[in-house]
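Quick caveat, the model's predicted, so the values are computed rather than measured.
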Amino acid sequence: MAKAFRSLVIAGLALLPVAAAAQVVGKVGVDWTGNDIVVEAIADPQVKGVTCHVTYFDRGVIDRLKNGNWFEDPSNNAISCSQTGPVEVGDIDLGTKGEEVFRQGMSLVWKKMVVNRIYDKANDTLIYLVHTRELTDGSAKMAISTVPLYGQTVTWTKGKP
């Protein structure tokens, strides 16, 4: 029974969407309390040739001690995405909700910074939205970046929609 359950769990994990991995490419100190702005590069796992750079605020230990809220970073994020190579669009969600490309914890448990990709078919453009998702309260702080595909040589693995 345990072996069958383990096989089922492994098979289920294989079906989960592949999330992008982030690489820290910059870190800028903003004050004497150890607060930093972190810049990460995120390659879209389903759209080769597109890279997003996301920034977020990383609170230092002194700031956490001084202001409390020890386990959480602010929901301030920015994003810029661009073509960084030949574009090959894989199996992406074409619905209006798009799909999650990247997720990273911004608190011990409850808050996540999320990057979603939406395809704007009418304008042949990829839209990347960064926002913070919380279990109880969403954040109105968000940013978007677009990567126009119009006029570009783009390979669609499943055919252009």
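- At least one side-chain heavy atom of Arg117 sits under 4.5 Å from a side-chain heavy atom of Val47.
- In this structure, the side chains of Trp156 and Val87 stay at 4.5 Å or more apart for every pair of heavy atoms.
- Contact annotation: the side chain of Glu100 never approaches that of Val115 to less than 4.5 Å [non-hydrogen atoms, C-beta and beyond].
- Of all heavy-atom pairs spanning Asp91 and Thr157, the tightest one is N-OG1, 4.1 Å.
- Grouping the Ile, Leu, Val, Met, Phe, Trp and Tyr side chains by contacts below 4.5 angstrom, directly or via other members, places Ile118 apart from Tyr150.
- Scanning all heavy atoms of the two residues, the minimum distance from Asp93 to Gly95 falls at OD1-N, 2.7 Å.
- In this structure the side chain of Pro148 never reaches within 4.5 angstrom of the side chain of Asn123, judged on heavy atoms.
- Both Val154 and Tyr119 are assigned to one and the same hydrophobic cluster, defined by single-linkage of ILVMFWY side chains at heavy-atom distances under 4.5 Å.
- At a threshold of 4.5 Å between side-chain heavy atoms, the hydrophobic network of Ile, Leu, Val, Met, Phe, Trp and Tyr places Val25 and Met113 in two separate groups.
- Residues Asp36 and Val30 share a closest heavy-atom pair of N-CG2, 4.3 Å.
- To the nearest 0.5 Å, the span separating CG on Asp120 from CG on Leu126 amounts to 9.5 Å.
- A donor-acceptor pair is defined here as one N or O able to donate and one able to accept, closer than 3.5 Å; no such pair exists between the side chain of Thr51 and the backbone of Cys81.
- Taking NE2 of His131 as the start and CD1 of Ile144 as the end, the distance is 12.5 Å to the nearest 0.5 Å.
- For the pair Glu40/Gln23, no side-chain contact is recorded, criterion being any heavy-atom separation below 4.5 Å from C-beta on.
- Under the 4.5 Å side-chain heavy-atom criterion for ILVMFWY residues, no single connected hydrophobic cluster contains both Val28 and Val24.
- Cluster annotation: Val39 and Phe102 are assigned to distinct hydrophobic clusters (Ile/Leu/Val/Met/Phe/Trp/Tyr, side-chain heavy-atom contacts under 4.5 Å, transitive).
- With rounding to the nearest 0.5 Å, the separation of OG1 in Thr55 from CD1 in Ile79 is 9.0 Å.
- A distance-only check finds a donor-acceptor pair linking the side chain of Asp44 to the backbone of Gln46 [under 3.5 Å].
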